[in-house]
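Residue indices begin at 1 and follow the sequence shown. Computed from a predicted structure; not experimentally measured.
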Amino acid sequence: LTADVARTYFSIGALDAEIDALTEAVSLRQKAEDMLNLRYQEGINSELTFYQAQTQLAQAQSDLVDSRRRRENLVNTLAVLCGVSASEFILEYAPLKTFVPEVPAGIPSDILKNRPDIIEAEHLMAVANEEVGIAQSSFFPTLTLAGSAGYTSMESGNLFDWESRVWSIGPSVSIPILNNGRLNAQFKAQKAQYQKTLAEYRKRLLTAFSEVENAVADVRFKKEQSVSQQKLLVAAREAASISIERYKEGLVSFLEVIDAERSRLQAQRDAIEIQSEELIAVTVLVKSLGGGWIK
């Protein structure tokens, strides 16, 4: 629930930032349309140039309305997650500016024991251990979460080593030969139950490690993508500025200005979306670790 709240909140913040960008774009394109309309009336610009500017303005206005619609839907979703009626829930406008936290290296794998599914599986297996008569032992592998590469074994660096050990563990006890097979039948039944709980434990453990590995990969690649996107955004802004100057000097048509401005706005919206995805990736990692990297 906490992870769902965080993801929804970050998505709303990203939409708020996008609404800011689109509002600015609408304002700039409105000024451009007014100027080009005046120039058209004076016979300086062609009718085509004016309608090109009008098309770009209408597109930005349409995108702005859609972003506001999506924000309202997400706010209603967040209200439900918070247990509040949507009609009574108000979330102040706040463009996304949250810093993306760094995932520390050296996180021990046993922090996954905070996960409810792992806790339940361990408790069920402990009960089965008692019923079969096996001494309690720890099946959890000793691994470390590297900040950028996922899990690495502290012993050998090979995940299959600990996996094989977990897979091979099983009950080994002696029972009386006589008593008409009743004890033997009971033991087999208890042993089967134990094997079932052990199989479920293995399944949940591998699922947990897989989820963490995926989350770590998402965090790493989203960070790299964000760096590249910021470079793209700087270049797109510079290109848009140059195109306007070239148009004022009569060196290019207004079509070049439109293309440059469209690229700048798209780059800005993509940068906002990637930042939101970075935060959501860290949120998913926190969830997959069972609540974070602090025991």
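In terms of heavy-atom proximity, Ser11 sits nearest to Leu74 at CB-CD1, 3.7 Å. Across all non-hydrogen atoms, the minimal contact from Ala86 to Asn76 is CB-OD1, 3.6 Å. When all heavy atoms are compared, the tightest approach of Pro95 to Asp20 is CG-OD2, 3.3 Å. Residues Ala53 and Ile258 approach most closely at N-CD1, 4.3 Å, considering heavy atoms. Residues Val26 and Leu57 approach most closely at O-CD1, 3.6 Å, considering heavy atoms. For Leu36 against Phe50, the heavy-atom pair with the smallest separation is C-CD1, 4.3 Å.
The backbone N or O of Leu233 sits nowhere less than 3.5 Å from a side-chain atom of Gln268 that would complete a donor-acceptor pair. Using a distance-only test at 3.5 Å, with no hydrogens or angles considered, a donor-acceptor pair links the side chain of Thr77 to the main chain of Asn73. Judged purely by atom type and a 3.5 angstrom limit, Thr23 uses its side chain to pair as donor or acceptor with the backbone of Ile19. Of the possible polar contacts, one joining the Asp16 side chain to the Ala94 backbone as a donor-acceptor pair under 3.5 Å is found. A donor-acceptor contact shorter than 3.5 Å is absent between the side chain of Ser241 and the backbone of Arg237. Not a single donor-acceptor pair under 3.5 Å links the side chain of Ser62 to the backbone N or O of Ala58. For Thr207 (side chain) and Lys203 (main-chain N/O), a donor-acceptor pair under 3.5 Å exists by modelled atom type. Judged by distance alone, with hydrogens and angles left aside, the side-chain atoms of Ser288 form a donor-acceptor pair with the main-chain N or O of Leu285 at under 3.5 Å. Panel note: side chain Arg29, backbone Gln56; a donor-acceptor pair is recorded below 3.5 Å.
A heavy-atom distance below 4.5 Å is not found between the side chains of Gln230 and Val234. A 4.5 Å side-chain heavy-atom check between Glu238 and Ile242 finds at least one atom pair inside the cut-off. By the 4.5 Å heavy-atom criterion applied to side chains, Leu22 and Arg269 are counted as neighbours. In this structure, the side chains of Leu91 and Leu78 come closer than 4.5 Å at one or more pairs of heavy atoms. You'll find the side chain of Arg262 reaches within 4.5 Å of the side chain of Asp259, heavy atoms only.
Hydrophobic clustering of Ile, Leu, Val, Met, Phe, Trp and Tyr side chains at less than 4.5 Å, counting indirect connections, keeps Leu255 apart from Leu28. In the hydrophobic clustering of this structure, Val219 does not group with Ile274; members are Ile, Leu, Val, Met, Phe, Trp, Tyr whose side-chain heavy atoms approach within less than 4.5 Å, directly or through other members. Hydrophobic clustering, with ILVMFWY side chains joined whenever heavy atoms are under 4.5 angstrom apart, groups Val75 together with Leu1. When the side chains of ILVMFWY residues are joined at heavy-atom separations under 4.5 Å, either directly or via intervening members, Val284 and Leu289 end up in a single hydrophobic cluster. Both Leu81 and Leu279 belong to a common hydrophobic cluster when Ile, Leu, Val, Met, Phe, Trp and Tyr are linked at side-chain heavy-atom distances under 4.5 angstrom.
In this structure, Thr2 OG1 and Arg7 CZ are separated by 10.5 Å, a value rounded to the nearest 0.5 Å. In this structure, Lys287 NZ and Ile280 CD1 are separated by 12.5 Å, a value rounded to the nearest 0.5 Å. Rounding to the nearest 0.5 angstrom, the gap separating the CD atom in Glu120 from the CZ atom in Arg115 is 12.0 Å. The distance from the OG atom of Ser276 to the CD1 atom of Ile12 is 10.5 Å, given to the nearest 0.5 Å. To the nearest 0.5 Å, atoms OH (Tyr247) and OG1 (Thr49) are separated by 5.5 Å. Atoms CZ and CG, on Phe209 and Asn214 in that order, are 13.5 Å from each other to the nearest 0.5 Å.
Heavy atoms from other residues, nucleotides or ligands lying under 6.0 Å from CD1 of Ile90 number 12 at most. The number of heavy-atom neighbours closer than 6.0 Å to OH of Tyr51, taken from other residues, nucleotides and ligands shown, is 12 or below. Tyr9 OH: 12 or fewer foreign heavy atoms inside a 6.0 Å radius. By the neighbour-count criterion of 12 heavy atoms within 6.0 Å, atom CD of Gln266 is densely surrounded, having more than that number from other residues, nucleotides or ligands.
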Decide yes or no on side-chain contact (heavy atoms from CB on, under 4.5 Å) for Leu232 and Gln229, but give the supporting numbers first.
-> CA-CA 5 Å; Leu232 189 156; Gln229 186 62 35; 3.9 Å; yes
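Between Arg264 and Glu261, at least one side-chain nitrogen of the basic residue sits less than 4.0 Å from a carboxylate oxygen of the acidic one, meeting the salt-bridge criterion. Classification of Glu200 and Arg204 as a salt-bridged pair holds, one side-chain N sitting under 4.0 Å from a carboxylate O.
For Asp34 and Gln30, the side-chain atoms include at least one donor-acceptor pair closer than 3.5 Å. Checking Gln59 against Asp63 by side-chain atom types alone, a donor-acceptor pair falls below 3.5 Å.
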